[in-house]
Amino acid sequence: MMMRKLFTSESVSEGHPDKICDQISDAVLDAHLAKDPNAHVACETLVTTDFCLLAGEVRSAGEVDYEAVARNVIREIGYDIPDIGFKYDRNDYQIRIHSQSSDITHGVVSNKGAGDQGLMFGFACNETEALMPFPLQFAHRLLEKLSAVRRDGTLPWARPDAKSQVTVVYEGNHPVEISEILMSVHHDENADNASMRRDILEHVVGPALDCMKPSLPWNRNSFLYNPSGRFAIGGPNGDTGLTGRKIIVDSYGGAGRHGGGCFSGKDSTKVDRSAAYMARYIAKNLVAAGVAERCEIQLAYAIGKADPVSVRLDTFGTEKVSDLGRVEELVKGIFPLRPYDIIDCLGLRRPIFRKTASFGHFGRIPGDDGSFSWEKIDRVPDIRRELKL
């Protein structure tokens, strides 16, 4: 009998303090790209009780009202509620954004090189229709559904801050059963756990599970809701937030490696972002083409240099082809790996990034505006032809 094992991933909502910061940082990036597609942006955000700070470096031909951008994001997330310690029109806003270093500008712009050194990973597997790990994909979809029913008034007690966690039973590399679902939701003072639990099961967990492909069995008794018993103090009033603190939520939920650099607030000359997107694009197309059941790509760069210093392919013993060296060479031939070529290939000069900053950068549906272009599987015919699959 194949050994059974557990794996757990978590996600956080758009109203979680760290995710507020990611969205503000990416909204600043989008605002600059809307005025100057060649803008270089590195924006960090901090939020706490009644306070929001923006800091970073920018080189752009466009002027942006940073406070207005931050206020709008906070309002749209749902922090327009009085007396909860964080409200878009009552917060103190401070801006500490200045021009980008000329040394970085020379190496990146003149040489069309990487905006920084670093290593990036992309991952894909055949556990879900989106070719993402099941625990993380489901954790994201739970919070997407929660956001929808909070906004449409179905759950009037729900506030923007929330977390989900999903534990799945695996046999080998294959998910076979959901062991446990955990959700914690920021709520108003008068809500009680028993009624909230019923609401979440009916309006969030059930519908989200129905949308998962494949569907896995689950026992409703293995559902934990607000296990501390109360979550009336939440958002930035309950926990300080920073850009870039949810990198595992943003990527693969711990199922794939991570190079350590966050995505949000960075334009795509920063390979932390663009190369991570390209690595996912490569891995997803290889899995979709049938090269392997699981695939991870590592890319590494030096600041100011265009070509990656290394490219690595790992299929964890699930490959369907005998010569992985040939697959690695095929990757180098089919997919652009220089930063500016990646930007052109994936269309990363457009203001498409704020929507990536909640519910995951991967496993999403490509948009008509060019968003999530790295989720396309349009290179599958080329891969199959070259490998005769």
Side-chain angles (χ1 to χ4, degrees), residues 4-16 18-19 125-152 154-187 191-232 234-235 238-239 246 248-256 358-364:
R4 291 164 67 91
K5 56 188 178 182
L6 301 178
F7 192 83
T8 301
S9 294
E10 72 161 352
S11 183
V12 297
S13 72
E14 75 269 45
H16 183 280
D18 294 330
K19 276 290 143 204
C125 61
N126 64 356
E127 294 179 22
T128 62
E129 184 180 45
L131 303 185
M132 286 287 287
F134 191 100
L136 180 66
Q137 188 71 0
F138 186 34
H140 284 323
R141 304 294 78 83
L142 285 167
L143 292 179
E144 267 191 330
K145 186 60 180 175
L146 173 63
S147 177
V149 295
R150 171 178 67 86
R151 292 173 182 276
D152 70 14
T154 301
L155 303 183
W157 52 263
R159 288 173 171 167
D161 192 3
K163 301 180 79 170
S164 64
Q165 187 170 286
V166 176
T167 301
V168 171
V169 179
Y170 282 78
E171 292 182 354
N173 289 325
H174 303 288
V176 295
E177 179 184 345
I178 297 172
S179 173
E180 190 168 77
I181 298 171
L182 163 63
M183 294 194 71
S184 296
V185 183
H186 186 198
H187 58 82
D192 68 274
N193 260 16
S195 60
M196 288 189 291
R197 186 180 189 275
R198 288 193 297 269
D199 284 347
I200 293 294
L201 281 169
E202 178 181 356
H203 298 292
V204 177
V205 177
L209 189 57
D210 288 343
C211 293
M212 287 296 295
K213 295 180 182 179
S215 179
L216 296 182
W218 172 63
N219 186 334
R220 287 171 63 97
N221 293 325
S222 60
F223 175 57
L224 286 176
Y225 179 76
N226 279 0
S228 70
R230 185 171 171 81
F231 190 6
D239 187 18
K246 288 295 177 281
I248 301 304
V249 169
D250 285 345
S251 53
Y252 305 103
S358 51
F359 312 123
H361 290 247
F362 308 121
R364 309 285 288 277

Item to complete: Determine, stepwise, if the pair Arg4 / Val176 fulfils side-chain contact (heavy atoms from CB on, under 4.5 Å).
Response: CA-CA 9 Å; Arg4 291 164 67 91; Val176 295; 4.0 Å; yes
Worksheet item: Between Ser195 and Asp192, is a side chain to side chain donor-acceptor pair (under 3.5 Å) present by the stated rule, with each step listed?
Response: CA-CA 6 Å; Ser195 60; Asp192 68 274; 2.8 Å; yes
Worksheet entry | Phe231 vs His186, ring-ring contact (aromatic ring centres under 6.0 Å, His included): CA-CA, chis, key distance, verdict | CA-CA 5 Å; Phe231 190 6; His186 186 198; 5.5 Å; yes
Practice prompt. Starting from the C-alpha separation in whole Å, work towards a yes-or-no answer on salt bridge (charged side-chain N to carboxylate O under 4.0 Å, His left out) for Asp210 and Arg141.
Written response: CA-CA 11 Å; Asp210 288 343; Arg141 304 294 78 83; over 6 Å; no
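Paired with Glu14 under the rule salt bridge (Lys or Arg N to Asp or Glu O under 4.0 Å), one option of Lys246, Arg151, Arg159 passes, and it is Arg151. With Val166 as reference, Leu142 is the one residue of Leu136, Leu216, Leu142 to meet the side-chain contact (heavy atoms from CB on, under 4.5 Å) rule.
The closest side-chain heavy-atom distance from Phe138 to Thr128 is not below 4.5 Å. Annotation: side chain of Met183 is in contact with side chain of Leu143 (closest heavy-atom distance under 4.5 Å). Between His187 and Arg230, the closest side-chain pair of non-hydrogen atoms falls below 4.5 Å. Annotation: side chain of Leu6 is in contact with side chain of Val169 (closest heavy-atom distance under 4.5 Å). Residues Ser179 and Ser222 are not in side-chain contact: their nearest non-hydrogen atoms beyond the backbone lie 4.5 Å or more apart.
Considering only residues two or more places apart in sequence or on other chains, Ala158 meets the side chain to side chain contact (heavy atoms under 4.5 Å, CB included) condition with Arg150, Leu155, Val185. Applying the side chain to side chain contact (heavy atoms under 4.5 Å, CB included) rule to Pro227 yields the partners Leu182, Ser184; only residues at least two apart in sequence or on another chain are considered. Shown here are the ring pair (Phe, Tyr, Trp, His ring centres under 6.0 Å) partners of Phe7, two or more places apart in sequence or in another chain: there are none.
Taking CZ from Arg220 and CD1 from Ile181, the interatomic distance works out to 10.0 Å, rounded to the nearest 0.5 Å.
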